[in-house]
Each structure stands twice: as structure tokens, then as C-alpha cells.
Amino acid sequence: MRTARVRAVAFAVAAAVLAALAWAALTGRWPGGSGRTAEARAIARASAVLPGRAVWGHLVPHGLPEHSRVAGGDGYGATYPLDLVAGGSEARPREGAGVPRAQAAGLTGMQILQFEGVNAGSDFVTTWLDQADPTWSDDEAANDFSVAPCLLLRTPQGLARMAGEYVAAVRDRPAAARIGGRYVVFVYGSASLSAAQWAEAKAGLDASGLPVFLIGDLQTDASQTGFTVDQARLDGYSGLFDAVWNFEDSGARIRAGLWQYLAGRQLAFAGGTMPGYDRQTSADGGFVDPRLEAESR
């Protein structure tokens, strides 16, 4: 079996697996971008930290307990199957579900959402690894498919605990995504913790000695901030991550401000939903299907 290769940039992440990925970071262009100044500096930083190129999806997995079972939850995650099509939580996955269907949609990796207080760090990922590991056993690098968890945290202690559960479950699994020998772990919804809590969480992770490459969600939430980049809020946690991604509903409307922020803070940007998952899917596909009424890619 070949040594696992790292192909980690572009982490262009589809919202709930149903948002299409419209941008691959290291083509050197954001659609409509100039490829210069802040944009070029941000791309250069990403190139130095995140070698390679990939297209990732973000999955709310089939079988994820309803978010309404978590205090303050609203039923999120109750109707998403382990597939790239709409369906109820009891729906059977279609033939070819999982890695084959993800690859058919153009994805090269899947980050899988887990809730602290509901899931262990090993939940769902091992099922995907069972399908993904064989893609690393041939000589076709383009066929390799990677897997990583995506944590929604509630406490500072949850980061090291869930990352530890994940690492223990996937050691020696070739499809477990790695960068520089460290296991990739995504964070979703970084604003779920305060700046002080993030400092505590990162200190706990560092103290654990776990070989983790942490990619945190900037969570710019542009539609809630007048389509601006709230630098003061992001500064509370963005510098603690090895790289950042952005689960954003209106990415095209803040692209200039985002490039400036990334370049100014020397952050390695691993991509995100672009132009944003607020665009309705057309009959023949498109960027997003917010009501889960059609197949998206």
C-alpha cells in the first residue's frame, strides 16, 4: 500500500453536502477576482501551508441524532441521508452511496459533522473510511479519497476529547486525511465558543500531544453582519487554528474583505462554500438546494 499522500488545499466545502463547490482555491482565482494584491498574498500563504489540491464536501450524516435532542437544538440534521440526495432520516441510502457517489459528484474528500455531547469523535468516519481506504491501494493518485471529522463544540474540553477519540480510531487508516503527518480535524461553527474558551481548548489540545492539524471555521456570517467581515470577532479564534475554512452563506459578497483579512492575518485559507449556499438550485443542478427538494452538486 502506498504511503498516504497529502492533497489538502482547496478544501472547498459544500454546505451539508448539498452545496456545489464553485471554487478550487489554488487555481489562483476566486471567480471575478484579480489574482493580485490581498488575494495573491492569501493564495501564496495557503500554498505554503496546504500542499496540493482537493475538493471536499461537508456532510450531515444519515443517522445523526436530531439536533433537537441537544439543549437549544432546532431539529437540524434530522432529514439528511448518508448520500448526496434529499431524503428522510429513515431513507435507505441508494446503491453506490457514500464514497462512490461522492466521487461521482467530483469530491475528493468528506468532512463529517459530529456534535459534542451527542457523538464520539469516531462516529460515522470509520464507515466512510471502510469505503475510502481501498482507493489508496492502487497507483492512481487521482482516485484517492480522504475523510475527516468536523466538530461542533460546546465546551473547551470537547476539542481534545473528540480529537483523541478520532485519532485513536483511525491510526494507520490510509484515507484518514493528514497534513505533515498530522490528522486533519475540521471545526464547524467556531463562534459556539468564546475567545477565552477557544484559548483554553487549544491549550488542552496542545497539552494532549495529539498529532492534529486543526482547520477552523471562520464563521463570518456575512448575512448577519451587513455583509462585512467582523474582524474583531474573528480575531478571537482565527489565529489559534493551523488553517481556516469558511462555512458562509454569502461568500461572493464579502470576497474582497475576506481576502484582506486572510492576507493581513497571514492565515492559510482552506476554502469554503463559494459563492455561498444562498443560491437556489435550478432543475438541472446548481449551487444549492436549501429545501432539500432536488439533487445538487
Side-chain angles (χ1 to χ4, degrees), residues 8-16 19 21-26 30-31 33 38-50 54-58 109 111 113-114 148-154 156 158-159 177 179 184-199 201-202 205 212-278 288:
V9 159
F11 284 109
V13 183
L21 308 177
W23 174 56
L26 295 187
W30 188 305
E39 177 183 354
R41 294 196 305 274
I43 290 171
R45 174 62 177 167
S47 300
V49 177
L50 301 167
V55 181
W56 284 68
H58 171 87
Q111 49 149 286
L113 184 62
Q114 300 168 348
C150 185
L151 311 181
L152 177 58
L153 300 172
R154 300 299 183 190
L159 177 59
I179 296 177
V184 172
V185 173
F186 289 89
V187 170
Y188 171 79
S190 300
S192 63
L193 299 183
S194 68
Q197 287 176 315
W198 265 118
K202 186 59 164 57
L205 181 64
V212 167
F213 190 95
L214 193 63
I215 303 179
D217 180 9
L218 279 177
Q219 196 180 347
T220 47
D221 289 341
S223 64
Q224 301 172 44
T225 61
F227 303 106
T228 62
V229 176
D230 186 351
Q231 298 186 14
R233 178 173 63 80
L234 272 54
D235 282 345
Y237 48 77
S238 64
L240 297 174
F241 302 127
D242 296 299
V244 295
W245 67 293
N246 198 29
F247 193 99
E248 170 57 57
D249 61 358
S250 306
R253 301 183 67 170
I254 61 166
R255 69 173 186 235
L258 181 60
W259 283 129
Q260 291 170 3
Y261 180 78
L262 293 166
R265 302 303 190 275
Q266 287 289 295
L267 299 173
F269 186 48
T273 51
M274 177 64 198
Y277 62 87
D278 54 346
V288 69

For A148 versus A177, what's the shortest heavy-atom pair and its separation?
CB-CB, 4.4 Å

Tell me which one of L234, D230, V244, I254 satisfies side-chain contact (heavy atoms from CB on, under 4.5 Å) with Y261.
L234

For Q266, what residues pass the side chain to side chain donor-acceptor pair (under 3.5 Å) criterion, not counting sequence neighbours?
none

Which heavy atom in R154 sits nearest to a heavy atom in S192, and how many Å separate them?
NH1-CB, 4.4 Å

Is the shortest side-chain heavy-atom distance between H58 and C150 below 4.5 Å?
yes

Set of residues satisfying side chain to side chain donor-acceptor pair (under 3.5 Å) with respect to T228, sequence neighbours excluded:
none

Close side-chain approach of L267 to R45, heavy-atom, < 4.5 Å:
no

Closest contact, heavy atoms only, A263 versus A38
CB-O, 3.6 Å

Of the options L205, I179, L159, V184, which is the one that meets V212 in a side-chain contact (heavy atoms from CB on, under 4.5 Å)?
L205

Can you give me the closest heavy-atom contact between L258 and V229, atom names plus distance?
N-CG2, 3.7 Å

Parallel, tilted or perpendicular: rings of W245 and Y188 (30°, 60°):
tilted

Taking side chain to side chain donor-acceptor pair (under 3.5 Å) as the test, write out the residues that go with Y237, two or more places apart.
R233

Strictly distance-based, threshold 3.5 Å: is any side-chain N or O of Q197 a donor or acceptor partner for the main-chain N or O of S194?
yes

Quick one: CD on E248 to CZ on R255, what's the gap to the nearest 0.5 Å?
14.0 Å

Please step through side chain to side chain contact (heavy atoms under 4.5 Å, CB included) for the pair F213 and V49, ending with a clear verdict.
CA-CA 11 Å; F213 190 95; V49 177; 3.9 Å; yes

Begin from the C-alpha positions of L240 and L214 and carry the test side chain to side chain contact (heavy atoms under 4.5 Å, CB included) through to its verdict.
CA-CA 9 Å; L240 297 174; L214 193 63; over 6 Å; no

For residues 259-271, which residue pairs qualify under salt bridge (charged side-chain N to carboxylate O under 4.0 Å, His left out), counting only residues two or more places apart or in two chains?
D235-R265

Give a yes or no answer on whether the side chain of Q111 reaches the backbone of W56 with a donor-acceptor pair at less than 3.5 Å.
no

Just jot down the ring pair (Phe, Tyr, Trp, His ring centres under 6.0 Å) partners of F241, sequence neighbours excluded, or say none.
W198

Residue set satisfying side chain to side chain donor-acceptor pair (under 3.5 Å) with Q219, at least two apart, ordered chain then number -> D221

Search all heavy atoms of L50 against all heavy atoms of A268 and return the closest pair with its distance.
CD1-CB, 4.3 Å

Applying side chain to side chain contact (heavy atoms under 4.5 Å, CB included), run through V187 and L152 and close with a yes or a no.
CA-CA 6 Å; V187 170; L152 177 58; over 6 Å; no

Closer than 3.5 angstrom, by distance alone: can the side chain of S190 be matched with the main-chain N or O of D217 as a donor-acceptor pair?
yes

Under 3.5 Å, is there a donor on one side chain and an acceptor on the other for T220 and N246?
yes

